[in-house]
Amino acid sequence: MRTARRYLASEIYRSSAVVLIALLGLFTFFALIEELDKVGSKFTLANLFYIQALELPTRLYDLLPIGLLIGATLALASLAQRNELVILRASGVSGLHMMLMLWTITLPLVAGAFVLSEYVTPMAEIKSSEQGMALLGRSGGGRLESGYWFKESTPDGGVRIINIAHLQGNGNVSDVSVFDFSDGQRLNSMMQAPSGQFHKNELDLQDVTETHLDEQSHETLAQDKAPAQPLVRLEKRPNLTLTTTLTPDRLIARVVTPERMSIWDLKDYIGYLDGNKLQTKRQVVALWRKVAYPFTLLVMITIAAPIGFMQTRHGGVGTKVFTGILLGVGFFMINQLALNVAMLSNLAPWVTALVPNLIAMAMALSALIMMENRHNRRRRHSSVTN
């Protein structure tokens, strides 16, 4: 059985690699065409190729399930067409036993997907975001017209709002505004700085202009008469260090799409959002989907099994591959629909991440069991006839 498993693995890996290379080339070509209008004196063609190269791990991560489904279907259909699966069945290997072999073959891909998800993709995505900010002045996610906004609690029970116009990577920021509010949501002070840098729980600001509001300013303004003394005091500082819950990693987390972050960074960012009473549903759903991602690969190989095992007299490999493509695209669309439904409703995140996979797995296993029962009935009938 070890020889049969190795042979199946080599066929599936080779077919999946060919399919993934084709899909990567196709999607990269379309991305290059879409981004060509941004090429100019500052953003050169070499920069475009560099950024697209950085996006290859992310694209591979997205295409791996569909590539595995199509590649496995192609490999199994070819084996069935050459009657090699029939030989395995005749040697006593049942359909369910073959399914276990396919799951075992998929485990190395699951391990590779985990490394890709937790290390390669986040680093490539961060580097791509940094290059986008440096070359284009913007990145792919989370930026409003006024810049990036962050909220955190202060030690005295108040609230601090930080606005950053530009993130420059490695914790460097520019055009920073910091608003400090009291526990009664009254503005106490505002700080503005042309540049700054985030360290571990510290923000160093340079050339700071600090505006302090008098404690009685709100009552004075409500009395509808001229104040006896100035309500605002300006102070200039060459540098200022603030204690903050933000870190360079959390700045990048604000820019990077949640699905592209590692599980540990996602958990840290969710903790930061929870601690500051901010919305976390999008990040929690992304966390569950990343946890379910390895299971998705097992679902894909399970869907491919009954399609590949099916003996067809007409159409052959082409029909099976076309069916696999339709199922892969349909499954991808259902997964995306489940994500959007979860964001608009109060469905539990684990439902969004696991239920589509469980339903697809159950349907594929049911089809495989039906085929196995039909095969056993035919074999018994043939033995009785003889």
Describe, in one word, how the ring planes of Y119 and F114 are oriented to each other, choosing from parallel (under 30°), tilted (30 to 60°) and perpendicular (over 60°).
perpendicular

Linking I/L/V/M/F/W/Y whenever any side-chain heavy atoms sit under 4.5 Å apart, do I51 and V39 land together?
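I51 clusters together with V39.
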
Given 3.5 Å as the limit, does a donor-acceptor pair link the side chain of E118 with the main chain of I263, or not?
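Such a contact is found between E118 side chain and I263 backbone.
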
May I ask you to decide if Y7's main-chain N or O and S10's side chain share a donor-acceptor pair within less than 3.5 Å?
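Answer holds: yes.
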
Same hydrophobic cluster for L68 and L107, using side-chain heavy-atom links shorter than 4.5 Å among ILVMFWY?
no

Worked check of side chain to side chain contact (heavy atoms under 4.5 Å, CB included) between V176 and V178:
CA-CA 7 Å; V176 184; V178 181; 4.1 Å; yes

Do you know which two heavy atoms are closest between V159 and T154, and how far apart they sit?
N-OG1, 3.8 Å

Under the side chain to side chain contact (heavy atoms under 4.5 Å, CB included) criterion, do T241 and L205 qualify, and how do the steps go?
CA-CA 6 Å; T241 299; L205 297 174; over 6 Å; no

Taking the side chain as every heavy atom from C-beta outward, state whether Y13 and I105 have any atom pair closer than 4.5 Å.
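The answer is yes; the side chains approach within 4.5 Å.
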
Heavy-atom closest pair, residues P294 and V110:
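What the structure gives for the nearest pair is CB-CG1, 3.4 Å.
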
Spacing of OH belonging to Y272 relative to NZ belonging to K151, to within rounding of 0.5 Å:
9.5 Å

With side chain to side chain contact (heavy atoms under 4.5 Å, CB included) as the criterion, how do E202 and Q197 come out once you've worked through the C-alpha distance, each side chain's angles and the decisive distance to 0.1 Å?
CA-CA 8 Å; E202 284 188 347; Q197 184 173 24; over 6 Å; no

I'd like to know if R237 and E235 make a salt bridge, using a cut-off of under 4.0 Å between side-chain N and carboxylate O.
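Yes, R237 and E235 are salt-bridged.
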
Report yes or no: does S117 contribute a side-chain atom to a donor-acceptor pair with the main-chain N or O of A113 at less than 3.5 Å?
no

What's the shortest heavy-atom distance between P258 and Q283, and which atoms?
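Heavy atoms of P258 and Q283 come nearest at CG-NE2, 4.0 Å.
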
Could you check whether R186 pairs with D180 (Lys NZ or Arg NE/NH1/NH2 to Asp/Glu carboxylate O, under 4.0 Å)?
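Salt bridge absent between R186 and D180.
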
So, for V208 and A193, which heavy atoms are closest and what is the spacing to 0.1 Å?
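Distance-wise, the nearest heavy atoms are CG2-CB, 4.3 Å.
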
To the nearest 0.5 Å, what is the distance between OG1 (T73) and CD1 (I303)?
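T73 OG1 to I303 CD1: 9.0 Å, rounded to 0.5 Å.
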
Counting C-beta onward and ignoring hydrogens, is there a side-chain heavy-atom pair between W149 and I161 closer than 4.5 Å?
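Touching, per the 4.5 Å side-chain cut-off.
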
Test your reading of the model: is there a side-chain donor-acceptor pair from T247 to the backbone of R250, 3.5 Å cut-off?
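Flag set: sc T247 to bb R250 pair under 3.5 Å.
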
Any side-chain to backbone donor/acceptor pair from E152 onto T245? Under 3.5 Å, distance only.
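Yes, E152 side chain to T245 backbone: donor-acceptor pair under 3.5 Å.
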
Treat each ILVMFWY residue as a node, draw an edge where side-chain heavy atoms are under 4.5 Å apart, and state whether L278 and M261 are in one component.
yes

Is L64 close to L297 at the side-chain level, that is, under 4.5 Å between some pair of heavy atoms?
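When only atoms from C-beta onward are counted, L64 and L297 do touch, with a gap below 4.5 Å.
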
Distance check, rounded to the nearest 0.5 Å: D204 atom CG versus L240 atom CG?
8.5 Å

Between T302 and M99, is there a side-chain heavy-atom distance shorter than 4.5 Å?
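SC-SC contact between M99 and T302 confirmed.
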
Could you report the tightest heavy-atom contact between A304 and A72, atom names first, then the distance?
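The pair with the smallest heavy-atom distance is CB-CB, 3.8 Å.
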
Are L273 and Q279 close enough that some pair of their side-chain heavy atoms sits under 4.5 Å apart?
no

With no hydrogens and no angle check, is any side-chain donor or acceptor of T280 less than 3.5 Å from a backbone partner on V284?
no

Residue pair L69 / M300: nearest heavy atoms and the distance that separates them
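Distance-wise, the nearest heavy atoms are CD1-O, 3.4 Å.
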
Starting from F30, can I reach L45 by hopping between I/L/V/M/F/W/Y residues whose side chains sit under 4.5 Å apart?
yes

Does the side chain of L48 come within less than 4.5 Å of L32's, by heavy atoms?
yes

Does F29 CZ have over 12 foreign heavy atoms under 6.0 Å away?
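Atom CZ in F29 is not crowded, with 12 or fewer foreign heavy atoms closer than 6.0 Å.
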
Any sub-3.5 Å donor-acceptor pair from K290's side-chain atoms to L266's backbone N or O?
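Not at all, since once roles are kept as given, no pair shorter than 3.5 Å links the two residues.
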
R59 backbone acceptor or donor facing D62 side chain under 3.5 Å
no

Does H212 offer a backbone N or O that forms a donor-acceptor pair with the side chain of E210 under 3.5 Å?
no

In sequence, state the C-alpha distance, the side-chain angles, and the governing distance for L287 and I270, and then conclude on side chain to side chain contact (heavy atoms under 4.5 Å, CB included).
CA-CA 9 Å; L287 178 61; I270 290 171; 4.1 Å; yes

Of the options V18, L63, L60, T28, which is the one that meets L23 in a side chain to side chain contact (heavy atoms under 4.5 Å, CB included)?
L63

With a 4.5 Å cut-off on side-chain heavy atoms, are Y293 and W288 touching?
no

Could you state the interatomic distance from CD (Q192) to CG (N163), rounded to the nearest 0.5 Å?
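Here the interatomic distance stands at 9.5 Å.
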
Can you tell me if F179 has over 12 outside heavy atoms packed within less than 6.0 Å of its CZ?
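Counting other residues, nucleotides and ligands, CZ of F179 exceeds 12 neighbours.
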
Just verifying a value: how many Å separate F295 CZ and L298 CG, rounded to the nearest 0.5 Å?
7.0 Å

Does any part of the side chain of P238, heavy atoms only, come nearer than 4.5 Å to the side chain of D207, both counted from C-beta?
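They are not in side-chain contact.
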
Backbone N or O of T244 within a donor-acceptor pair of the N201 side chain at under 3.5 Å?
yes

So how far is it from T296 OG1 to M361 CE, rounded to the nearest 0.5 Å?
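It comes to 9.5 Å.
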
Under 6.0 Å from the NZ atom of K267, do we count more than 12 heavy atoms belonging to anything else shown?
no

Check whether I21 and F49 end up in the same hydrophobic cluster, where Ile, Leu, Val, Met, Phe, Trp and Tyr are linked by side-chain heavy atoms less than 4.5 Å apart.
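In one cluster: no.
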
Near M363 CE, under 6.0 Å, is it more than 12 heavy atoms from other residues, nucleotides or ligands?
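For M363, atom CE is not crowded (no more than 12 foreign heavy atoms under 6.0 Å).
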
